[in-house]
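One-based numbering along the sequence shown. This one's a predicted model, so the numbers in the text were calculated from it and none came from an experiment. Counting starts at 1 for both ligands and their atoms, following the listed order.
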Amino acid sequence: MKNQGKFITFEGGEGVGKSTNIQFAAEWLKARNIDVVVTREPGGTQIAETIRNQLLKAHHDEPMSDLAELLLVFAARAQHLQALIEPALAAGKWVLCDRFTDSTLAYQGYGRGLDTAVILNLKALVQKDLEPHCTFLLEAPLELGMSRARGRADDAGEQVDRFETEKLDFFRKVQQGFSDLANQHKRFARIDASLPLTDVQQQIEQQLSRLMEQQG
Ligand code: T5A
């Protein structure tokens, strides 16, 4: 039977360096002849990116309900899994995904205060038994991540998105959510993302080497 690929997710608060380090990980793996797909959530396919636009759009004429937000996140995920993630894994590729369901538990669960049991039910419906092989949790003090995100957005001339307009207290709860999840699940690799980029990438390299060894 053909080797199944590996599913690796990158998680953490705003601006901790997920996008930067996912690109680094992809290049590192490609240099070792691994077939890699880089994707993100919400999004990753045409339909899921359309949902992302609505989720992140800062100004709607009506406020988005927390439940609508949750269901849209999972609608995008269902599409992303079927159209991109599952076929890539079945073809033996390594899928590197910028955010996944841990973000839903952290943002919609801890941040918005939606019932974790409801989120876990939706997770079971959408993901069935698929879990990431490894989840890199990039951790840095909130203020550092937010100032990095702001700096990057200013450089790129981007507007803030709907989540970035939330108050600090919301992001504290999100951060607590990620920390609790990392304490509960062995698949998490905690990365100190407050360090200079080369040190962050050294930690990521170590974890990728470990995953390649498991591959045999
Ligand atoms: N969301 C998502 C939910 O609410 N529920 C869900 O289920 C899901 C999947 C998505 C939003 O949607 C929410 C959460 C989010 O608010 P996003 O695009 O993933 O949006 O959100 P962000 O986390 O805001 O993504 P960013 O692109 O802002 O942050 P990254 O990717 O973590 O950071 P990155 O790599 O762009 O780095 C930011 C800047 O810092 C520099 C980089 O060069 C860049 O300029 N940098 C460093 N500088 C110094 N030292 C380091 N170690 C550095 N690392 C990065």
Out of all atoms in ligand 1, which are within 4.0 Å of some heavy atom of [X]? Include the element for each.
{"X": "Gly13", "value": "23 (O)"}
{"X": "Glu164", "value": "24 (O)"}
{"X": "Gln108", "value": "3 (C), 4 (O), 5 (N), 6 (C), 7 (O)"}
{"X": "Glu41", "value": "9 (C)"}
{"X": "Thr104", "value": "6 (C), 7 (O)"}
{"X": "Val73", "value": "6 (C), 7 (O)"}

Side chains of Asp180 and Gln176, donor plus acceptor under 3.5 Å: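 Short answer, yes.
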Indicate, as side chain, backbone, both or neither, the part of Leu195 found under 4.0 angstrom from ligand 1 when only non-hydrogen atoms are considered.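 Only the backbone of Leu195 comes within reach of ligand 1.
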Ligand 1 and [X], any nitrogen or oxygen pair closer than 3.5 angstrom?
{"X": "Arg77", "result": "yes"}
{"X": "Arg99", "result": "yes"}
{"X": "Gly17", "result": "yes"}

Are Phe7 and Phe100 an aromatic pair, judged by ring center distance below 6.0 Å?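 So the answer is yes for these two rings.
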Calculate, to the nearest 0.5 Å, the distance between atoms SG and CD belonging to Cys134 and Gln214 respectively. 8.5 Å
Proximal candidate to atom 50 (N) of ligand 1 [heavy atom criterion; set Arg152, Arg150, Arg148]: Arg148
Select the closest option to atom 12 (O) of ligand 1 among Phe163, Tyr107, Phe100, Phe74, judged by heavy-atom distance.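 The residue whose heavy atom sits nearest atom 12 (O) of ligand 1 is Phe163.
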Got the closest protein heavy atom to atom 18 (O) of ligand 1, with its distance?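 Atom 18 (O) of ligand 1 sits closest to the protein heavy atom Arg52 NH2, 2.9 Å.
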Measuring from the heavy atoms of Arg162, does anything fall under 4.0 Å of ligand 1?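 So Arg162 does not count as touching ligand 1.
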